[in-house]
Visitor: 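Attaching a single structure in structure tokens format; questions to follow.
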Amino acid sequence: MFAEEPELISACLEGGGPNRAARAGWVLRAAVLAVAQEPRYADLSYHASKAAVAAGEFDTAARLLELALRVNPTYHDALVLAGRVELRRGRAATARKHLETALALGADYPDVHALLGDVCRADGDAPRARQAYERALELNAGLNAARAALAELPPAPGSG
């Protein structure tokens, strides 16, 4: 079923409850089997990676996203999720590459800029983090997390 309708993977992950992690593990195992049957289906690998993230299996998520991006290198959602996963794995430079690619391909969304700000801040690039947070707030002034992160950065040279 997952190979035919990859969105079912994400649907199975919805909802909370005490069994959420166990459910994510079951969904992930079934999704990985579906990916093995249809490795050239980028959507399937992408949705399977979401199950891996929900199960806390970030290395598996990274492998699934790598597969999705090999099939479709311009897949915005996969690039953004790959950025999130790589940041979580402590690989800020790789996360930054994925996010900058997504932005260059047209994913000019506030959450992508805010995430890039987080990545740049983690990588010690305060000027680029500032630029990313400012763009996120330009697109959506209500992003309080971006506003708070921007306020935590050291002052820009020449300001103050």
Visitor: For R63, is there an ion pair with E66 - N to carboxylate O distance below 4.0 angstrom?
Guide: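 No salt bridge links E66 with R63.
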Visitor: Say you draw a straight line from CD of E152 to OH of Y133; how long is it, rounded to the nearest 0.5 Å?
Guide: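 OH of Y133 is found 8.0 Å from CD of E152.
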Visitor: Looking only at heavy atoms, which two atoms of L115 and G83 are closest? And how far apart?
Guide: CD2-C, 4.5 Å
Visitor: With the threshold set at 4.0 Å, does a side-chain nitrogen-carboxylate oxygen contact exist between R128 and D123?
Guide: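 So R128 does not pair with D123 through a salt bridge.
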Visitor: Closest heavy-atom contact between L87 and A122?
Guide: CD1-CB, 4.0 Å
Visitor: As an exercise, state the distance from SG of C12 to CG of L28, rounded to the nearest 0.5 Å.
Guide: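 The distance works out to 12.5 Å.
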Visitor: Is it true that L8 and V35 fall in one hydrophobic cluster, defined by side-chain heavy atoms closer than 4.5 Å?
Guide: yes
Visitor: In the structure I gave you, are the side-chain heavy atoms of V112 and L79 within less than 4.5 Å of one another anywhere?
Guide: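 No - every pair of side-chain heavy atoms lies 4.5 Å or more apart.
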Visitor: Would the number of heavy atoms belonging to other residues, nucleotides or ligands and lying under 6.0 Å from CZ of R88 be above 12?
Guide: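 No, because the 6.0 Å sphere around CZ of R88 holds 12 heavy atoms or fewer from other groups.
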Visitor: So does E138 have more than 12 non-hydrogen atoms from other groups sitting under 6.0 Å from CD?
Guide: yes
Visitor: Evaluate L44 against I9 for side chain to side chain contact (heavy atoms under 4.5 Å, CB included), listing each step before the verdict.
Guide: CA-CA 8 Å; L44 179 58; I9 296 168; 3.8 Å; yes
Visitor: So how far is it from L33 CG to E38 CD, rounded to the nearest 0.5 Å?
Guide: 12.5 Å
Visitor: Hydrogens and angles aside, do D43 and Y75 bring a side-chain donor and acceptor to less than 3.5 Å of each other?
Guide: yes
Visitor: Under 4.5 Å between any side-chain heavy atoms of V27 and R23, yes or no?
Guide: yes
Visitor: Could you tell me which non-hydrogen atom of A92 sits nearest to which non-hydrogen atom of V119, and how far apart they are?
Guide: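 That would be O-CG1, 3.3 Å.
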Visitor: Mind checking the CZ-CG spacing from R40 to N72? Nearest 0.5 Å is all I need.
Guide: 10.0 Å
Visitor: Would a single hydrophobic cluster contain both Y109 and L103, if residues Ile, Leu, Val, Met, Phe, Trp and Tyr are joined by side-chain heavy-atom contacts under 4.5 Å?
Guide: yes
Visitor: Picking from V80, L69, V85, what satisfies side-chain contact (heavy atoms from CB on, under 4.5 Å) with H98?
Guide: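 The passing option is L69.
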Visitor: I'd like a table of donor-acceptor pairs (distance under 3.5 Å, sequence neighbours excluded) in which one partner is a side-chain atom from residues 45-52, with atom names and distances.
Guide:
| unit_1 | atom_1 | unit_2 | atom_2 | d |
| --- | --- | --- | --- | --- |
| H47 | ND1 | S10 | OG | 2.7 |
| S49 | OG | Y46 | O | 2.5 |
| K50 | NZ | S10 | OG | 3.2 |

Visitor: Taking side chain as C-beta onward, heavy atoms only, is Q131 less than 4.5 Å from L116?
Guide: no
Visitor: I would like to know whether F58 and V53 meet side chain to side chain contact (heavy atoms under 4.5 Å, CB included); could you show each step before the answer?
Guide: CA-CA 6 Å; F58 297 102; V53 168; 4.0 Å; yes
Visitor: Would you say R147's side chain and A141's backbone share a donor-acceptor pair under 3.5 angstrom?
Guide: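 Here the side-chain-to-backbone pair exists.
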Visitor: Write down the atom of A55, the atom of G25, and the distance for their closest heavy-atom approach.
Guide: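 Closest pair (atom of A55, atom of G25, distance): CB-N, 4.2 Å.
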Visitor: Drop me the distance from L143's CG to L150's CG, to the nearest 0.5 angstrom.
Guide: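 Spacing of CG (L143) from CG (L150) equals 11.5 Å.
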Visitor: Where the side chain of R130 meets the backbone of G117, is there a donor-acceptor pair that is under 3.5 Å apart?
Guide: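 The answer is no, because no donor-acceptor pair under 3.5 Å joins these two groups.
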Visitor: Check A146 against A114 and note the closest heavy-atom contact, atom names and distance.
Guide: CB-CB, 4.3 Å
Visitor: I want to check something: taking the side chain as every heavy atom from C-beta on, are R84 and D111 in contact at a cut-off of under 4.5 Å?
Guide: yes
Visitor: Which is it for R29 and W26 under the side chain to side chain contact (heavy atoms under 4.5 Å, CB included) test, yes or no, and what are the steps along the way?
Guide: CA-CA 5 Å; R29 285 189 283 285; W26 284 98; 3.7 Å; yes
Visitor: Within this structure, what is the OG1-NE2 distance for the pair T74 and H76, rounded to the nearest 0.5 Å?
Guide: 6.0 Å
Visitor: Is there side-chain contact between D108 and H113, with heavy atoms separated by less than 4.5 Å?
Guide: yes
Visitor: Which heavy atom in F2 sits nearest to a heavy atom in A34, and how many Å separate them?
Guide: CB-CB, 3.9 Å
